[in-house]
Amino acid sequence: QVQLVESGGGLVQAGGSLRLSCAASGRTFSSITMGWARQAPGKEREFVAAITRSGGSTTYADSVKGRFTISRDNAKNTVYLQMNSLKPEDTAVYYCAKGSYYYLSRSVHEYDSWGQGTQVTVSS
């Protein structure tokens with residue numbers, strides 16, 4: 001079973017950038033789809049981005065498309081989320097997770113083995 005640890009969150013002004021990292025344990029990292037989701041206070045967890053095993057395909061929520069970029073380094077067992085042009089509405093706890101299936105999914109219900117999350121706060 002894979003274990004995930006997120007890092008890189010923090011406080012940033014609107015328009016700024018952050019890069020989140022998610023380190024995975026285990027030898028199966030290169031064989032699994034990975035995703036990022038976020039949860040703001042009082043709201044349900046929502047899908048943000050996902051990437052296939054090889055990194056060759058990605059998908060994004062409409063709210064972050066063009067601003068966020070997901071990538072992975074299978075040699076380092078790490079997936080990243082580069083976040084640019086941040087907005088106050090991006091404020092949330094960001095989680096990475098393992099895809100339950102091989103295909104890219106935009107449903108948080110098709111991900112498991114969630115990390116503990118990292119807080120991102122964007123001030124206006």
Side-chain angles (χ1 to χ4, degrees):
Q1 186 173 355
V2 65
Q3 292 185 322
L4 305 171
V5 178
E6 303 94 335
S7 61
L11 173 64
V12 64
Q13 288 188 333
S17 298
L18 281 174
R19 188 194 195 201
L20 305 183
S21 299
C22 172
S25 64
R27 299 181 178 181
T28 62
F29 181 75
S30 62
S31 67
I32 57 177
T33 297
M34 294 295 297
W36 286 94
R38 66 188 181 186
Q39 188 166 16
K43 295 187 177 181
E44 294 185 352
R45 191 170 297 188
E46 64 173 356
F47 170 80
V48 173
I51 188 166
T52 52
R53 292 170 288 174
S54 67
S57 294
T58 58
T59 189
Y60 297 91
D62 290 342
S63 59
V64 307
K65 197 174 297 182
R67 300 188 297 122
F68 290 11
T69 302
I70 187 172
S71 62
R72 66 190 296 163
D73 185 337
N74 287 342
K76 296 182 177 180
N77 277 17
T78 302
V79 62
Y80 305 97
L81 186 67
Q82 178 67 44
M83 305 186 296
N84 299 328
S85 302
L86 283 162
K87 305 175 181 179
E89 51 264 43
D90 294 319
T91 295
V93 177
Y94 283 71
Y95 301 88
C96 67
K98 177 183 75 67
S100 302
Y101 307 101
Y102 290 124
Y103 55 83
L104 292 176
S105 172
R106 295 188 178 191
S107 170
V108 295
H109 302 293
E110 295 188 336
Y111 291 86
D112 54 54
S113 302
W114 296 90
Q116 85 290 348
T118 185
Q119 177 71 47
V120 171
T121 303
V122 184
S123 63
S124 58

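- Listed by first then second residue, pairs satisfying salt bridge (Lys or Arg N to Asp or Glu O under 4.0 Å) with a partner in residues 107-124 read Lys98-Asp112, not counting sequence neighbours.
- In terms of modelled atom types and a separation under 3.5 Å, the side chain of Thr78 and the main chain of Ala23 share no donor-acceptor contact.
- A heavy-atom distance below 4.5 Å is not found between the side chains of Ser71 and Gln82.
- Listed here is the closest heavy atom pair of Thr33 and Ile51: CG2-O, 3.2 Å.
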Show me the donor-acceptor pairs, under 3.5 Å and distance only, between side chains in residues 5-16 and residues at least two apart or in other chains.
from	atom 1	to	atom 2	distance (Å)
Glu6	OE1	Gln116	N	3.0
Glu6	OE1	Gly117	N	2.9
Glu6	OE2	Cys96	N	2.8
Glu6	OE2	Gly117	N	3.4

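- Going from atom CD1 of Ile32 over to atom OH of Tyr111 covers 11.0 Å, rounded to the nearest 0.5 Å.
- Note that CZ of Arg72 and CG of Asn77 are 9.0 Å apart. Values are rounded to the nearest 0.5 Å.
- Among all heavy-atom pairs drawn from Ala50 and Ser105, the shortest one is CB-O, 4.2 Å.
- Heavy atoms of other residues, nucleotides or ligands lying less than 6.0 angstrom from OH of Tyr103 number more than 12.
- Pairing each heavy atom of Ser124 with each of Pro88, the nearest pair is CB-CG, 3.8 Å.
- Remark: Arg53 engages no residue in a side-chain hydrogen bond (donor to acceptor under 3.5 Å, both in side chains) (not counting sequence neighbours).
- Judged by a 6.0 Å distance limit and a 45° cone about the ring axis, Arg67 is not positioned over the six-membered ring of Tyr60.
- Between Ile70 atom CD1 and Ser57 atom OG the span is 11.5 Å, to the nearest 0.5 Å.
- Grouping the Ile, Leu, Val, Met, Phe, Trp and Tyr side chains by contacts below 4.5 angstrom, directly or via other members, places Tyr80 apart from Val93.
- Counting only residues at least two apart or on different chains, no salt bridge (Lys or Arg N to Asp or Glu O under 4.0 Å) pair has a member in residues 113-124.
- To the nearest 0.5 Å, atom OG of residue Ser21 and atom CG of residue Leu4 are 12.5 Å apart.
- For the atom pair CG of Leu81 and OH of Tyr94, the computed distance is 7.5 Å after rounding to the nearest 0.5 Å.
- For Lys43, the salt bridge (charged side-chain N to carboxylate O under 4.0 Å, His left out) criterion is met by no residue, not counting sequence neighbours.
- Residue Met34 is not grouped with residue Leu104 when hydrophobic side chains (ILVMFWY) are merged at heavy-atom distances under 4.5 angstrom, including chains of intermediate members.
- Phe29 CZ to Cys22 SG: the interatomic distance, rounded to the nearest 0.5 Å, is 7.0 Å.
- Between Tyr95 and Trp114, the angle of the ring planes goes over 60°, which puts this pair in the perpendicular group of the 30/60° scheme.
- Residue Glu89 qualifies as enclosed at atom CD: its count of foreign heavy atoms under 6.0 Å is above 12.
- Closest approach of Phe68 and Val48 over heavy atoms only: CD2-CG1, 3.8 Å.
- The salt bridge (Lys or Arg N to Asp or Glu O under 4.0 Å) analysis of residues 31-42, with sequence neighbours excluded, yields the pairs Arg38-Glu46, Arg38-Asp90.
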